[in-house]
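What follows is a set of notes on a single structure, which appears directly below.
So you know, we letter chains A, B, ... as the sequences are listed, proteins then strands, and number each from 1.
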Amino acid sequence: MLIDRMQTLKPEDSRSHIRCPFQLEQSASKMFIHFSYGPKLLDDRQQARELMEECVERYIEPERRSLVLGSMDRYFPLSNLITVSVDDPETYRGACHRHDPEQQLFLGESASSPGLTKGRLPSGLWSVTLSVHSIVTDTCEYRLRIWTEDPTTDQSAFS
Amino acid sequence: MRWLACELHTHTNHSDGKQTLEELTAGARRLGFDCIALTDHNTMSGLKDRERIESETGLTIIPGMEWTTFYGHMVTVGSMSLAAADWRRATPGNIAEGVAEVHRLGGLAGLAHPYRIGNPVCTGCYWEFEIQDWREIDYIEVWSKTFAPIQADNHRAFGLWTELLNAGVRIAATSGRDWHEQTETDDPLSVTYLGLEERSDEPLTVAAAAMAALGAGRASVTIGPLLTMEVRSEAGRAYGIGEAVPAGANGFEARAQILFSVRQGLWELEPQPFRLLITGSAGTIAERTIEPADGDYALPFPPDASRPLWIRAELWGVVRGASVRIAFTNAIYFD
Ligand SMILES: [Zn+2]
Ligand SMILES: [Zn+2]
């Protein structure tokens, strides 16, 4: 296991990147990234309403505010969003900008999960970045696990 | 000039879209587009089969990426290496560095849906980046989503564009559906037509020619007919959309051309007398009604009109009970 980390995030962590660097000692044939976080949704309607009031105040022009507030339910439930992006020692390897709170991703020489770029997995300093776009629940816990299949075990596994 | 029907803002399953690039391009073809830009969120991995799909469908695919940051979404288009610019370094005060990097990589940068409601509804969707010098920005997506002319956030984006033009900034305006999935809709769909220059000396790929057009502001946006315009001076010179009329040229007439025959059968407007107008920094300077048929119209500037900073043509009409801007050209400028 190259990384196995858990952390509890709070609304103040919104709009921040969490960089998770790791050393890949030797080039690998396949890398797995499992990322999950929860809760995904804000079920508390009162809290959601308060957040929406701030949001409308900030982003909607004054003359349309009451209209938007009157139909704010269409935006519910509000949700947390954290996305994954990957850098190998040399280049950016893409991002998985989607709402799934559980993502089982992989990178490989000939194929990768959608969002990530296929290609060799060179040894060196890698980094997975968690981009915390928004946390609306009081707390949100994530778990990130990263591991590889090295070329030797990979071959034996499939021969 | 060949006008290329483009959809400049799209997503696939490589980000949060619910369609593959094959499904997206097939859908674009059915809707009569010649060209799309794939602008997945923070990734370009969806372009891995670009060449094969282009040759299979005949559709031009412009490579792009939507910077999906905490402080705004920025569409970047026109180069396969755009992912080398690091969207994660964007802070409210440093977007100019990101834009410069996009330019260095051979791309263009535009504000995506700048007034769409932001966090926590749509994270980072509202443009909050400070822009010191608007001349660094190539374009603003003033029409987002479907039935764009009636959307309140689009009115604000259109207003921002007009304000910038009035301040002397030469900046393009586009539409983008922000197309995430193949769903049927009755809503009018926007098309951004890009004017491709015919040049035999140094032929460009269609994608490169389209980017040259966008960079030069040779664009016209519509939910139906294609509206284009040129300005003729007394001396008989013609200046097209995106161009600047040099100081010294005088005695103008705008020539608008409307093609109702584009993308035939793929859009519909109720027959009515439409209102064609030439408007700009000096207000509306010419206006007439037109019938829904292909046509060329001469609109002389009134003799007492003061020289504007810029003008554009607009077509107005009633769509689903609302009086809306059906089409607008990008600006012609006056030095
Ligand atoms: Zn966006
Ligand atoms: Zn988008």
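Contact annotation for Arg116(B): neither backbone nor side-chain heavy atoms come within less than 4.5 Å of a heavy atom of chain A. Contacts between Asn42(B) and chain A at a heavy-atom distance below 4.5 Å involve backbone atoms as well as side-chain atoms. Of the two parts of Ser16(A), only the backbone, made up of N, CA, C and O, holds a non-hydrogen atom closer than 4.5 Å to a non-hydrogen atom of chain B. Arg64(A) touches chain B through its side chain: at least one heavy atom from C-beta onward sits under 4.5 Å away, while N, CA, C and O do not. In this structure, the portions of Ala83(B) lying under 4.5 Å from any heavy atom of chain A include both its backbone and its side chain. The contact between His133(A) and chain B is made by backbone and side chain atoms together, counting heavy-atom distances below 4.5 Å. Contact annotation for Met52(A): only side-chain heavy atoms (C-beta onward) come within less than 4.5 Å of a heavy atom of chain B. Residue Glu61(A) touches chain B through both its backbone and its side chain, counting heavy-atom pairs closer than 4.5 Å.
The environment of Gln23(A) atom CD is dense: over 12 non-hydrogen atoms of other residues, nucleotides or ligands sit within 6.0 angstrom. For CZ of Arg89(B), the number of neighbouring non-hydrogen atoms (other residues, nucleotides, ligands) closer than 6.0 Å is 12 at most.
At least one donor-acceptor pair under 3.5 Å links the side chain of Arg98(A) to the backbone N or O of His14(B). No donor-acceptor pair under 3.5 Å is formed between the side chain of Tyr92(A) and the backbone N or O of Thr43(B). A distance-only check finds no donor-acceptor pair linking the side chain of Arg58(A) to the backbone of Ile117(B) [under 3.5 Å].
Highest contact tally toward chain B, considering only Asp87(A), Leu78(A), Thr91(A), is held by Asp87(A) [criterion: heavy-atom pairs under 4.5 Å]. Counting heavy-atom pairs closer than 4.5 Å to chain B, the top residue among Cys96(A), Ser79(A), Ser85(A) is Ser85(A). When each of Asn80(A), Ile60(A), Val136(A), Leu51(A) is scored by its heavy-atom pairs under 4.5 Å with chain B, the top score falls to Ile60(A). Between chain B and the options Thr83(A), Val132(A), Ile135(A), heavy-atom pairs under 4.5 Å are most frequent for Val132(A). Ranked by heavy-atom pairs under 4.5 Å with chain A, the list Met65(B), Arg156(B), His11(B) is led by Arg156(B).
Nearest heavy atom pair, residue Arg15(A) against residue Phe70(B), reads NH1-O, 3.0 Å. When every heavy atom of Cys55(A) is checked against every heavy atom of Gly118(B), the shortest pair comes out as SG-O, 3.9 Å.
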Quiz item: Do Ser131(A) and Arg88(B) pass the side-chain hydrogen bond (donor to acceptor under 3.5 Å, both in side chains) test, and can you show the C-alpha distance, the side-chain angles, and the key distance before you say yes or no?
Solution: CA-CA 8 Å; Ser131(A) 298; Arg88(B) 295 161 300 188; over 6 Å; no
Self-check item: Test log, rule ring-ring contact (aromatic ring centres under 6.0 Å, His included), inputs Trp87(B) and His17(A)
Solution: CA-CA 11 Å; Trp87(B) 61 277; His17(A) 300 288; 5.6 Å; yes
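With Leu81(A) as the fixed residue, the side chain to side chain contact (heavy atoms under 4.5 Å, CB included) test singles out one of Asp16(B), Asn119(B), Thr123(B): Thr123(B).
In this structure, Pro114(A) and Ser45(B) have side chains that are not in contact, with every pair of non-hydrogen atoms separated by 4.5 Å or more.
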